[in-house]
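Remember, it's a predicted structure, so these values are computed and weren't measured experimentally. Count residues from 1 along the sequence. Below, each value reflects all heavy atoms present in this structure, side chains not excepted, and no hydrogens, waters or symmetry copies.
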Amino acid sequence: MNLTHAEQGLVEDMTDAARTAVEQGLVQATGGNFSAREPDSDRFLVTASGSRLDRLSSEDFSVVATEDGAVVGGSGRPSSEWKLHQRMYWSRPDVNAVVHVHPQFAILLDVLGHPLRFLTLDHAFYVGSAGRVPFYANGSDELADETAEQMRHHNAVILANHGCSTVGDDVLMAFRRATLLEEAAKMTYNALLLGDHTTDWDTDGVQLMHD
């Protein structure tokens, strides 16, 4: 696959993050998808359809044109969710990486109607808020467009009965937000088990700083 030096680095970053996502239980085998692009590029790399996220190689990526979704290199079968990634890059010029995984606690809380609560400084600083879209079929324009619209206001969006998508200026930040979203969901779940239904991070008058 004919990639720039920077794109080869993106493949390595996504391969490492995807393997970790499987190890942490954020997704099972072929369930999620990752994408990344060079800043201001007119194309992005996305995991190919059916790729095992814990066994990715450079051959498991498609190169897709951001403008029209044409496959211009790599695997000829990009993830069925390629539109989800494409619309993110359309709506958020500052975004250079998209992570889509299936975190169990975040999905469970959403299905049961419990709002996600951000209880630590990391949750508030790196994620801050999460959007939500109702259920739409995988790979549909409706799912891609609604998620992209939510992503105008958030860096993380929960997809009902499906999973979540997170974005960042690089792969590390997009993946960090996915892991923190699920951590926030687990803490919310445990708080509910303890009978607490109200505690949340209160940022009123607080300047969030992080080292």
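Judged by distance alone, the side chain of Glu182 and the main-chain N or O of Ala106 form a donor-acceptor pair under 3.5 Å. Side chain of Arg117 to backbone of Thr199: a donor-acceptor contact under 3.5 angstrom is found. Of the possible donor and acceptor atoms, one in the side chain of Thr120 sits under 3.5 Å from a partner among the backbone N and O of His123. The backbone N or O of Met151 lies less than 3.5 Å from a partner atom in the side chain of Arg92, making a donor-acceptor pair. The backbone N or O of Leu53 sits nowhere less than 3.5 Å from a side-chain atom of Ser51 that would complete a donor-acceptor pair. Judged by distance alone, with hydrogens and angles left aside, the side-chain atoms of Gln150 form no donor-acceptor pair with the main-chain N or O of Gly131 at under 3.5 Å. For Ser62 (side chain) and Val64 (main-chain N/O), no donor-acceptor pair under 3.5 Å exists by modelled atom type. Not one N or O on the side chain of Thr47 forms a donor-acceptor pair closer than 3.5 Å with the backbone of Phe61. Formation of a donor-acceptor pair under 3.5 Å by the Ser140 side chain with backbone atoms of Tyr136 is not found in this model. Put simply, the side chain of Asp196 gets close to the backbone of Thr198: a donor and an acceptor are under 3.5 Å apart.
Salt bridge absent: Arg176 and Asp170 never bring a charged side-chain N and a carboxylate O closer than 4.0 Å. The residues Glu183 and Lys186 are annotated as not salt-bridged, no charged nitrogen and carboxylate oxygen being separated by less than 4.0 angstrom. In this structure, Glu67 does not pair ionically with Arg43, as no charged nitrogen and carboxylate oxygen lie closer than 4.0 Å. The pair Asp60-Arg52 fails the salt-bridge criterion, with no side-chain N (NZ, NE, NH1 or NH2) lying under 4.0 Å from an Asp/Glu carboxylate O.
Placement of Leu143 and Val27 in two distinct hydrophobic clusters is found when ILVMFWY residues are connected by side-chain heavy-atom separations under 4.5 Å, directly or transitively. Under the 4.5 Å side-chain heavy-atom criterion for grouping Ile, Leu, Val, Met, Phe, Trp and Tyr, Leu45 is connected to Val72 within one hydrophobic cluster. Follow the hydrophobic side-chain contacts under 4.5 Å out from Met173 and you never reach Val167; the two are in separate clusters. If you chain together hydrophobic residues whose side chains sit under 4.5 Å apart, Phe34 and Val98 never meet in one group. Hydrophobic clustering (ILVMFWY, side-chain heavy atoms < 4.5 Å, transitive): Val95 and Val127 are in distinct clusters.
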Q: Let me see the working for Val63 and Leu3 under side-chain contact (heavy atoms from CB on, under 4.5 Å), right down to the final yes or no.
A: CA-CA 9 Å; Val63 185; Leu3 299 177; 3.9 Å; yes
Q: Would you check, one step at a time, whether the test side-chain contact (heavy atoms from CB on, under 4.5 Å) holds for Leu159 with Ser165?
A: CA-CA 8 Å; Leu159 286 55; Ser165 291; 4.2 Å; yes
Q) Run the side-chain contact (heavy atoms from CB on, under 4.5 Å) check on Arg177 and Leu180 step by step: do they pass? A) CA-CA 5 Å; Arg177 286 175 171 144; Leu180 287 172; 5.7 Å; no
**Q.** Derivation of the side-chain contact (heavy atoms from CB on, under 4.5 Å) call for Arg55 and Val22
**A.** CA-CA 10 Å; Arg55 302 178 185 176; Val22 175; over 6 Å; no
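Considering only heavy atoms from C-beta on, His197 comes within 4.5 Å of Leu192 through its side chain. Side-chain atoms of Glu81 and Asn138, non-hydrogen and from C-beta on, do get closer than 4.5 Å to each other. Side-chain contact between Val99 and Asn33: absent, with no pair of heavy atoms (C-beta onward) separated by less than 4.5 Å. Using a 4.5 Å heavy-atom cutoff, the side chains of Ser79 and Ser49 are not in contact.
For the 3.5 Å distance criterion, the side chains of Glu38 and Thr4 qualify, holding a donor opposite an acceptor. Ser35 and Tyr89 are linked by a side-chain donor-acceptor pair at a separation below 3.5 angstrom, with hydrogens and angles left out of the test.
Taken from CG in Asn155 to CG in Leu181, the straight-line distance is 11.0 Å, to the nearest 0.5 Å. To the nearest 0.5 angstrom, Asp110 atom CG is 8.5 Å from Ile107 atom CD1. Atom CG of Leu172 sits about 13.5 Å away from atom CE of Met14, to the nearest 0.5 Å. To the nearest 0.5 angstrom, Asp42 atom CG is 9.5 Å from Arg37 atom CZ. Atoms NE2 and CG, from His114 and Leu109 in turn, are 7.0 Å apart once rounded to the nearest 0.5 Å. To the nearest 0.5 Å, atom CD1 of residue Ile158 and atom CZ of residue Arg132 are 8.0 Å apart.
The environment of Asn2 atom CG is sparse: at most 12 non-hydrogen atoms of other residues, nucleotides or ligands sit within 6.0 angstrom. Heavy-atom neighbours of His5 NE2 from other residues, nucleotides or ligands within 6.0 Å: at or below the threshold of 12. Within 6.0 Å of the CG atom in Asp94, the count of heavy atoms belonging to other residues, nucleotides or ligands exceeds 12.
Aromatic ring orientation, His162 versus His100: perpendicular (interplanar angle above 60°, classes split at 30° and 60°).
Screening Val101, Thr20, Leu26 for a side chain to side chain contact (heavy atoms under 4.5 Å, CB included) with Thr179, the sole residue that qualifies is Leu26.
Shown here for Gly76 and Pro78, the closest heavy-atom pair between the two residues is O-CD, 3.4 Å.
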